[in-house]
Amino acid sequence: MTLSSDNLNIGFLASHGGSNLQALLDAISTGALPVRASVVISNNSGSMALERARAAGVPALHLSGQMYTDPDALDQAILHTLRASGVNLVVLAGYMKKLGPRVLEAYRGRVLNIHPALLPKHGGQGMYGIHVHEAVLAAGDEESGVSVHLVDAEYDRGPVIAQVSVPVQAGDTPQTLQQRVLAEEHRLYPETLRRIAAGEIDLDQL
Ligand code: GRF
């Protein structure tokens, strides 16, 4: 089914602070992003992401490996929740776990992630949080940035659908770079979803 603002029901997965989730929920509530937030799932029962979802009136669920020690049972529970919520696009916003094969198969080509660097550089296992920005500075790169990409079974792989560059500044620390990159994440993710809803990006053509 072609995604459009008439039918886009998003399921979010997030693990921690959820500042990207907040930027997206804010864009939805102002109408700048004309889609529905159908459910927020977190593997972390105490995450800000779940609090932010509840504050926005979005169903919020904790589903984790603590509740389902069998990874396949967790995969099934996540898939069931997404389907029961009518989700047709899965948006990862700082989700620190790998999705299981059932969800990946059911939502093939319909799972997005955001990464705080210019993929394919500085992605892959272990490249999360501050480690990404440390790697950019250690490599002497003149620019970093933000990538929104489709998710497949590998970390930070799958076609990039939107990118924005963030120049590295003299005297940057991993923390200062992280802050500037995060500010761009909060712009690029809502804008990319808006373009999908508007038919300007067709996920089936990637
Ligand atoms: C972001 O830097 C995002 O790119 C990465 O995880 C971080 C999540 O931050 N995938 P937040 O929870 O949205 O504040």
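Everything numeric here is computed off the predicted structure, so don't read it as measured data. Only heavy atoms go into these numbers, but all of them, side chains included; no hydrogens, no water, no symmetry mates. Numbering of residues begins at 1 and proceeds along the displayed sequence.
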If you link ILVMFWY side chains whenever their heavy atoms are less than 4.5 Å apart, which other residues fall into the same cluster as [X]? By chain and number, please.
X    : answer
L119 : V160
L79  : L13, V39, I41, L61, L63, M67, Y68, L74, I78, L82, V87, V90, L92, Y95, L99, V103, L104, Y107, V111, V151
Y128 : M96

Check this for me: [X], atom [atom1], are more than 12 non-hydrogen atoms of other residues, nucleotides or ligands nearer than 6.0 Å?
X    : atom1 : value
Q175 : CD    : yes
H131 : NE2   : yes
K97  : NZ    : no
E200 : CD    : yes
R83  : CZ    : no

Compare every heavy atom of [Y] with every heavy atom of [X], then report the nearest pair and how far apart it is.
X    : Y    : result
V40  : A49  : CG1-O, 4.2 Å
G123 : H115 : CA-NE2, 3.8 Å
H122 : A139 : CE1-CB, 4.0 Å
A93  : A14  : O-CB, 3.2 Å
A37  : I28  : CB-CD1, 3.9 Å
A56  : L25  : CB-CD1, 4.0 Å

Among V181, V164, N20, side-chain contact (heavy atoms from CB on, under 4.5 Å) partner for L188:
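Filter result, single survivor: V164.
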
Name of the residue among V148, T192, L24 meeting side-chain contact (heavy atoms from CB on, under 4.5 Å) with I114:
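Option passing the side-chain contact (heavy atoms from CB on, under 4.5 Å) with I114: V148.
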
All salt bridge (Lys or Arg N to Asp or Glu O under 4.0 Å) counterparts of [X], not counting sequence neighbours:
X    : value
K121 : D141
D6   : none
D75  : none
E191 : R194

Is [Y] reachable from [X] through a run of I, L, V, M, F, W or Y residues, each pair having side-chain heavy atoms under 4.5 Å apart?
X    : Y    : result
M127 : L137 : no
L112 : V58  : yes
L118 : V132 : no
L193 : I201 : yes

Nearest-0.5 Å distance, CG of residue L150 to CZ of residue R108
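Separation between the atoms: 11.5 Å.
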
Could you state the interatomic distance from CE (M48) to OG (S42), rounded to the nearest 0.5 Å?
11.5 Å

With the side chain counted from C-beta on, respond yes when [X] and [Y] share a heavy-atom pair under 4.5 Å apart, and no when they do not.
X    : Y    : result
I161 : I196 : yes
P116 : E185 : yes
P174 : L177 : no

Taking NZ, NE, NH1 and NH2 as the nitrogens, is one of them in R187 or E184 under 4.0 Å from a carboxylate oxygen of the other?
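Looking at E184 together with R187, the answer is yes, because their closest N to O distance falls below 4.0 Å.
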
For [X], enumerate each residue passing the side-chain hydrogen bond (donor to acceptor under 3.5 Å, both in side chains) test, keeping only those at least two apart in sequence or located in another chain.
X    : value
E143 : S165
H186 : S19
D72  : Q76, R102
T81  : none

Inter- and intrachain pairs under salt bridge (charged side-chain N to carboxylate O under 4.0 Å, His left out), touching residues 146-173, at least two apart
D172-R180

Between [X] (side chain only) and [Y] (backbone N and O only), is there a donor and an acceptor less than 3.5 Å apart?
X    : Y    : value
S147 : A117 : yes
R52  : G17  : yes
N113 : H149 : no

Mind running side-chain contact (heavy atoms from CB on, under 4.5 Å) on R110 and D204 for me, showing each step along the way?
CA-CA 9 Å; R110 291 285 186 273; D204 294 327; 3.1 Å; yes

Does the side chain of N44 come under 3.5 Å of the side chain of S15 through a donor N or O and an acceptor N or O?
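No - no donor-acceptor pair under 3.5 Å links their side chains.
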
